[in-house]
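Not measured: the values here are computed from a predicted model.
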Amino acid sequence: MKYVLVTGGVVSGLGKGVTASSIGVVLKACGLRITSIKIDPYLNTDAGTMSPFEHGEVFVLDDGGEVDLDLGNYERFLDIKLTRDNNITTGKIYQSVIDKERKGEYLGKTVQVVPHITNAIQEWIERVAMIPVDGKEGPADVCVIELGGTIGDIESMPFIEALGQFSYRVGPGNFCLVHVSLVPVLNVVGEQKTKPTQHSVRGLRGLGLTPNILACRSTKELEDNVKEKLSQFCHVPAANIVTLYDVSNIWRIPLLLRDQKAHEAILKVLNLDRVESIAREPKLDEWVERATIFDALQNTVRIAMVGKYTGLSDSYLSVLKALLHASVDCRRKLVVDWVASTDLEDSTVIEAPDAYKAAWDLLKGADGILVPGGFGDRGVQGKILAAKYAREKNVPYLGICLGMQIAVVEFARHVMNLTDANSTEFDPDTKTPCVIFMPEGSKTHMGATMRLGSRRTFFKVADCKSAKLYGNVTYVDERHRHRYEVNPDMVPEFENAGLQFVGKDDTGRRMEIIEIPKHRYFVGAQFHPEFKSRPSKPSPLFVGLVAAASGQLDRVLQDCCNGHVVPARHILSNGSYTTVHQNGHPKKLANGLSNGTYYANGNGVHA
């Protein structure tokens, strides 16, 4: 097994996740099998209980693991299926060591960070690296490891020490360290400054790790004299210094690595440069085509994203990626209008009339409306109003998880005239509980107690839009993350009123997909289809939304009925949102850029 470690220095948010994913893409294009591990130094056991404002979205895996959104990066770029153990946290490591101590496995010794914690980290890496994630038998050839945070963070010190020992343990030729750093350009003088990277590398070397390759983030390509200076002071060959400068879309990052021969440097460090079965030149024709076609898109489609975490785009990262996949499949340039659901509520008319007007203007100007998942009662009434508007005005609508549940509540209130209809999540004493707490859930423990992971949904209505979009299959496997469900006892009432439950679980008691047959496109899903979307395999429900919003749904459904399962065309996506608006104004992305470049954030590229 060969290992590639990706670390970051100077500042956070440089794009380690995208860099690690792109390295995997380039090596995979050379003919190698790749797996990935993300190390997060926080004490949480997993990301399940963390606020999206704290750490971005929680990505859900097939096995129910609630993990860092960078694992979504890896899955989308490399088209692999990871496990919960591919995300290592400080909490997991300490918990495993303490469990062993309680069992007496350390034979009475004093349990310490070194060697017990550091050994546990190394053993975890070696064990997980051997798990196949690409659907083939046997372990991968290369494991790409991303160390979260920034070199110098106190919480990552045990991992730094463990990885230093690990590099010695696996030996030369089996370990390659790629350090992602920042080379800023001061506007006053316009000069690329190397000092931050020099200090970062010095700190890394002082901790026992020596970088083999430098990946330098900058606004433009590094000048030759800057590379020479970095080479001299950081003890890295100039040929091993690559520039990751701002590009038009994220699909160009693997192409940057290829063009600068990063794969040759990595293969040489790993003693793979003379292996005949490994291609000298990565085959990235599909990536070139994706990037080129995406840049040429002109006709726009506007989707209003109605949620409560609109202040940080990473909160809905997989949803955005799935929208991008679908929009490019439909040959449309995606424009996301961020609408804070609280701004749609009647109370905002008095408190902030301008925000209220701006939010409704965005909603009414959208070609389609999407209400993603969420927790808590803040902004729920605004989401219900968005679903009501979409239903009454025949605007394409997709509700995910909570977005489906509030659509059911809205239908009960305004179509069935059940004015007190509600979810027990928001009103435990409601007399008309349309959405209820699932019997198997826990009300005392929050972590890993939801209905999580891949579950099977069976289509009950053969000619519904959802079944057609999925290619007329009898069932689909999608990932879930919820505590509440539609009240099965009320289903007959809903169906008599015109709301169809076209998808159900294997028991027939749990509602998975809803549709309003006479509507252009009104679909809700209890599962999260965004987690399995890929550029070459966009989520069918997202394709349906964008197709309906751009006037192409009839053709797409006809293609599916003729056996052309979505996708029927070249599928593209990238990490840039081109024009993204919030309440009528350009929205500054999480990385601080507003020019459409989403690379620097480094989080969540669905490939």
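Side-chain contact between Asn422 and Cys434 is absent, with no heavy-atom pair separated by less than 4.5 Å. Side-chain contact check for Val435 versus Glu425: every heavy-atom pair is 4.5 Å or farther apart. Leu541 is not listed as a side-chain neighbour of Val543, based on a closest heavy-atom distance of 4.5 Å or more. Using a 4.5 Å heavy-atom threshold, the side chains of Pro372 and Leu402 count as separate. Within the 4.5 Å cutoff, side-chain heavy atoms of Leu71 are placed close to those of Asn86.
No hydrogens or angles considered: nothing links the side chains of Gln558 and Arg555 as a donor-acceptor pair under 3.5 Å. With no hydrogens or angles considered, a side-chain donor-acceptor pair links Glu57 and Ser318 at under 3.5 Å. Under 3.5 Å, the side chains of Asp46 and Asn87 contain no donor-acceptor pair of N or O atoms. For Tyr470 and Glu478, the side-chain atoms include at least one donor-acceptor pair closer than 3.5 Å. Side-chain atoms of Thr432 and Asp420 include a donor-acceptor pair closer than 3.5 Å.
A salt bridge links Arg302 and Asp337; the closest N-O separation between the charged side-chain nitrogens and carboxylate oxygens is under 4.0 Å. Between Arg509 and Asp489 there is a salt bridge, with a side-chain nitrogen of the basic residue lying less than 4.0 Å from a carboxylate oxygen of the acidic one. Under the 4.0 Å criterion applied to side-chain N and carboxylate O atoms, Arg456 and Asp506 are not assigned as salt-bridge partners. A salt bridge links Glu512 to Arg451: at least one charged side-chain nitrogen sits closer than 4.0 Å to a carboxylate oxygen. Using a 4.0 Å cut-off between charged side-chain N and carboxylate O, Arg391 and Glu410 make a salt bridge. Remark: Lys532 does not engage Glu75 in a salt bridge, criterion side-chain N to carboxylate O under 4.0 Å. Under 4.0 Å is where a charged nitrogen must lie from a carboxylate oxygen, and between Asp79 and Lys537 at least one such pair does.
Within the structure, the ring-ring contact (aromatic ring centres under 6.0 Å, His included) test picks out the following pairs touching residues 507-529 (sequence neighbours left out): Tyr397-Phe522, His480-Phe527, His519-Phe522, His528-Phe531. Sequence neighbours left out, not one pair with a member in residues 405-424 passes ring-ring contact (aromatic ring centres under 6.0 Å, His included).
By the 30° and 60° cut-offs, the orientation of the rings of Phe458 relative to Tyr475 is tilted.
By the side chain to side chain contact (heavy atoms under 4.5 Å, CB included) test, Arg520 is found to be paired with Asn394, Pro396, residues two or more places apart in sequence or in another chain being considered. With sequence neighbours left out, Lys388 forms a side chain to side chain donor-acceptor pair (under 3.5 Å) with Glu392. For Phe426, there are no ring-ring contact (aromatic ring centres under 6.0 Å, His included) partners at least two apart in sequence or on another chain. Qualifying side chain to side chain donor-acceptor pair (under 3.5 Å) partners for Thr507, counting only residues two or more places apart in sequence or in other chains: Asp505.
Between Asn73 and Gly17, the shortest heavy-atom contact is ND2-C, 3.2 Å. For the residue pair Ser550 and Arg332, the shortest heavy atom distance occurs at CB-NE, 3.7 Å. Annotation for Ser466 and Ile513: closest pair OG-CG2, 3.5 Å, computed over non-hydrogen atoms. Closest approach of Lys383 and Gly307 over heavy atoms only: CE-CA, 4.1 Å. Here the shortest heavy-atom pairing between Ser536 and Arg290 reads CB-NH2, 3.8 Å. For the residue pair Ala20 and Glu146, the shortest heavy atom distance occurs at CB-CB, 4.3 Å.
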- Steps toward salt bridge (charged side-chain N to carboxylate O under 4.0 Å, His left out) verdict (Lys81, Asp62): CA-CA 7 Å; Lys81 290 184 179 180; Asp62 271 1; 3.6 Å; yes
- Task: Could you check Lys333 against Asp295 for salt bridge (charged side-chain N to carboxylate O under 4.0 Å, His left out), going step by step and ending with a plain yes or no?
- Result: CA-CA 9 Å; Lys333 187 175 183 178; Asp295 288 342; over 6 Å; no
